Amino acid sequence: MSPNVMAEKQGHQANEYTRVVACRRHGVNRRWYLALVLSLTLTGIILMRFWGLESTIPFGMTPTTIKDHSEVDIHKHLGHLSPFFVPPNTPKSLESGTPPGCTVSKAFLIHRHGSRYPHPDELDIIQDLSYYINNNSALFSNPQSTLPKAWSFITKGWNSTLDTDALTAPGRQQLFDYGVALRLQYPDLYSETDVLAGDEDRVVESARWFMDGYYGRDSNSTATLKLLGENNGTVSWITPHQTCPKWDTNFGENSTSEWQGTYLPPIAKRINKLLAKAYPGVQFTAAHIHGMLYACAYETAAYGIDSTPWCDVFKAEEIMDNEYEYDLRMRGFSGYGLPGEMGSVLGSLLVDNITSFLGRDDGPRLSLGFGHDKTIAFGLTTLGLASDKSYPPTGPVDPNRAWRSAKLMPFAGHMLWKRLECGGEKRVQLILNGANFGLRPTGCKSNEYGSCAFEDFMSTARVQAAVKLTHGDARWKDVCG
């Protein structure tokens, strides 16, 4: 049909609708009008079902207008379980790199361990999915109709081969690669200095792989790796929560329970409906869906990007709804979701160490420390960085939220705090995961590269509160007990 004919037909339909309304207004042919409305409504419903569209979206969830996998890199939306990537600058308007006319005189690195296997409780959820599939092998091996391509793998059954907690091969590569990159990017900072790591296997191994990249194969004789205990008897800026009796890992779980109840059941309903013809009686639960999402993230962490079939069974917006769960968890037990001042107090030990090191003119030019996602999260919270006005536990999901753990603390995420010498002025700059991160939210005046004058930064209320805090003092006891 030509455009002109189509336009003419549409215009005729509009005029016809006007005449019908007019007739109704005058009491003429009401039955014909009602029949037309009913017919149009039914036609719309039929077409929506034919096209696979839902008539409504559960409140709070990501709208289904989001792009598909070809337009979204879902591996950048796996929350704190995302493989390392360099995000855009924050804010995006910032210039990248070191300001012209400035040199980097010192730097303080806080590096999260690389990609790891799941924690035991996470692996349990993945294995429950595996048990369901393999206990129903007669069903899944014999589809009654053609399966969607993304689900074809399931006919052979599926078993998890994941370990727990240990650093993975991609995790080792992430740390080695950054060791090489840092050495090449800042050759003048080279220092044969102590390397500090939290005493957790995956953290220690991460530090060693970084050292091999930075110092070379003789790294053990070039630099000394010192371990800092991760227990309730060791005061540590890497794991400050360990010596805070009121801190509870359930702060994270509690913050996600409502959201899980909001976004997981609709995914289970969609997948069961999708597979109903091929697998009559299939009954994946919300818990099984959770296992699939964990399998997507952790098989990626263990075997590399595009190694797992599980990521492809989800729509892009479903991955993003799962991302919000991870963000709620990280915010809940290591960020702004912690009760009262706990987040800012726990991160104060890190901020004090950063500013103390950058403020000294003597000693090594580079400080190297290795820890966890929480280490980075506490520091951001203390300084008021990546904060949001609201973060509702049941949505709606703000796609432009500041606290997005994939961008802030992915596997192998790192903060590089730099002291700059700029024509006689000392400045401080944060490079977060390879991108410039503006310091204006701390209260200092930042330039187009996100850096602030060092003294201005030091005088802000947030930094002053951090450097004045001492572990075990009145403020600490008020928060931690």
Side-chain angles (χ1 to χ4, degrees), residues 84 98 102-114 167 171-230 234-240 347-372 375-376 378-379 409 412-421 426-434 451 454 457-458 466-467 471:
F84 178 78
T98 304
C102 298
T103 59
V104 183
S105 59
K106 300 191 78 170
F108 189 104
L109 174 70
I110 309 105
H111 207 304
R112 185 192 178 191
H113 59 76
L167 198 67
R172 295 193 289 271
Q173 183 177 4
Q174 291 158 358
L175 271 293
F176 180 88
D177 286 352
Y178 187 65
V180 173
L182 189 69
R183 178 69 180 271
L184 295 176
Q185 188 172 8
Y186 302 102
D188 294 339
L189 294 180
Y190 179 80
S191 302
E192 295 182 1
T193 183
D194 292 341
V195 178
L196 189 65
D199 193 6
E200 177 76 43
D201 283 350
R202 62 183 177 273
V203 179
V204 175
E205 188 180 354
S206 292
R208 291 196 179 280
W209 281 105
F210 172 91
M211 291 168 67
D212 285 348
Y214 188 80
Y215 291 111
R217 62 183 299 178
D218 296 325
S219 61
N220 287 339
S221 60
T222 305
T224 302
L225 178 60
K226 292 189 173 181
L227 306 184
L228 195 56
E230 297 192 0
T234 303
V235 177
S236 167
W237 59 262
I238 293 176
T239 53
S348 293
L349 303 184
L350 170 60
V351 173
D352 185 43
N353 273 269
I354 293 168
T355 54
S356 177
F357 177 83
L358 295 182
R360 290 195 302 268
D361 293 325
D362 60 343
R365 304 183 68 185
L366 182 63
S367 174
L368 300 171
F370 295 83
H372 303 268
T375 311
I376 295 172
F378 289 138
M409 65 273 317
H414 48 267
M415 284 178 150
L416 185 67
W417 289 88
K418 303 191 299 185
R419 190 179 97 178
L420 310 178
E421 309 297 332
K426 293 179 182 178
R427 299 186 69 83
V428 61
Q429 183 182 42
L430 171 59
I431 304 298
L432 184 62
N433 302 320
S451 74
F454 188 76
F457 177 73
M458 287 298 301
V467 299
H471 184 279

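Computed from a predicted model, the values in this text were never measured in an experiment.
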Set of residues satisfying side chain to side chain contact (heavy atoms under 4.5 Å, CB included) with respect to Asp201, sequence neighbours excluded:
none

List the residues meeting side-chain hydrogen bond (donor to acceptor under 3.5 Å, both in side chains) with Thr239, not counting sequence neighbours, and say none if there are none.
none

Give the minimum heavy-atom separation between Gly213 and Val180, together with the two atoms involved.
O-CG2, 3.4 Å

Using the side-chain contact (heavy atoms from CB on, under 4.5 Å) definition, which of the options Leu350, Val428, Val467 pairs with Thr355?
Val467

Examine distances only and state if a side-chain atom of Ser356 and a backbone atom of Asn353 form a donor-acceptor pair shorter than 3.5 Å.
no

Looking only at heavy atoms, which two atoms of Pro187 and Leu184 are closest? And how far apart?
CD-O, 3.4 Å

Ile238 CD1 to Leu228 CG distance, which is reported to the nearest 0.5 Å
5.0 Å

Please list all pairs passing the salt bridge (Lys or Arg N to Asp or Glu O under 4.0 Å) test where one or both residues lie in residues 208-225, with sequence neighbours left out.
none

Point-to-point distance, once rounded to the nearest 0.5 Å, from CD of Glu205 to CD of Glu200
11.5 Å

Closest non-hydrogen atom pair between Thr193 and Ala223, with its separation:
O-CB, 3.3 Å

Tell me, do His372 and Arg202 make a side-chain contact under 4.5 Å, heavy atoms counted?
yes

Can you check side chain to side chain contact (heavy atoms under 4.5 Å, CB included) on Asp177 and Phe84, steps first, answer last?
CA-CA 11 Å; Asp177 286 352; Phe84 178 78; over 6 Å; no

So which pairs with a foot in residues 182-194 pass salt bridge (Lys or Arg N to Asp or Glu O under 4.0 Å), sequence neighbours left out?
Asp194-Lys226

How close do Gly229 and Ser236 get, counting heavy atoms only, and between which atoms?
O-CB, 4.3 Å

Testing the basics here: between Ser206 and Leu167, what is the closest heavy-atom pair and its distance to 0.1 Å?
OG-CD1, 3.4 Å

Distance from Met211 atom CE to Leu368 atom CG, nearest 0.5 Å?
8.5 Å

Can you name the residues that form a ring-ring contact (aromatic ring centres under 6.0 Å, His included) with Phe370, not counting sequence neighbours?
His111, Phe210

Please report, to 0.1 Å, the donor-acceptor pairs under 3.5 Å made by any side chain of residues 412-421, with sequence neighbours excluded.
| from | atom 1 | to | atom 2 | distance (Å) |
| --- | --- | --- | --- | --- |
| His414 | ND1 | Ala412 | O | 3.1 |
| Lys418 | NZ | Thr98 | OG1 | 2.9 |
| Lys418 | NZ | Tyr186 | OH | 3.2 |
| Lys418 | NZ | Gln429 | OE1 | 3.1 |
| Arg419 | NE | Ser105 | OG | 3.2 |
| Arg419 | NE | Glu421 | OE2 | 2.9 |
| Arg419 | NH1 | Leu358 | O | 2.9 |
| Arg419 | NH1 | Arg360 | O | 3.4 |
| Arg419 | NH1 | Asp361 | OD1 | 3.0 |
| Arg419 | NH2 | Asp361 | OD1 | 3.2 |
| Arg419 | NH2 | Glu421 | OE2 | 3.0 |
| Glu421 | OE2 | Ser105 | OG | 2.7 |

Kindly compute the distance separating OH (Tyr214) from CG (Leu109), expressed to the nearest 0.5 Å.
10.0 Å

Please report whether the ring centroid of Tyr190 lies less than 6.0 Å from that of Tyr215.
yes

Return the set of residues passing ring-ring contact (aromatic ring centres under 6.0 Å, His included) with Phe454 (not counting sequence neighbours), or none when no residue passes.
none

Applying side chain to side chain contact (heavy atoms under 4.5 Å, CB included), name anything that partners Ser348, two or more places apart in sequence or on another chain.
Thr382, Ala466, Leu469, Arg475

Looking only at non-hydrogen atoms, find the nearest pair between Ala107 and Phe357 and report the distance.
O-CE2, 3.3 Å

Could I get the full list of ring-ring contact (aromatic ring centres under 6.0 Å, His included) partners for Trp237, not counting sequence neighbours?
Phe108

From Leu189 atom CG to Ser367 atom OG, the distance as rounded to the nearest 0.5 Å
11.5 Å

Taken in chain and number order and not counting sequence neighbours, the residues that satisfy salt bridge (Lys or Arg N to Asp or Glu O under 4.0 Å) with Glu230 are none

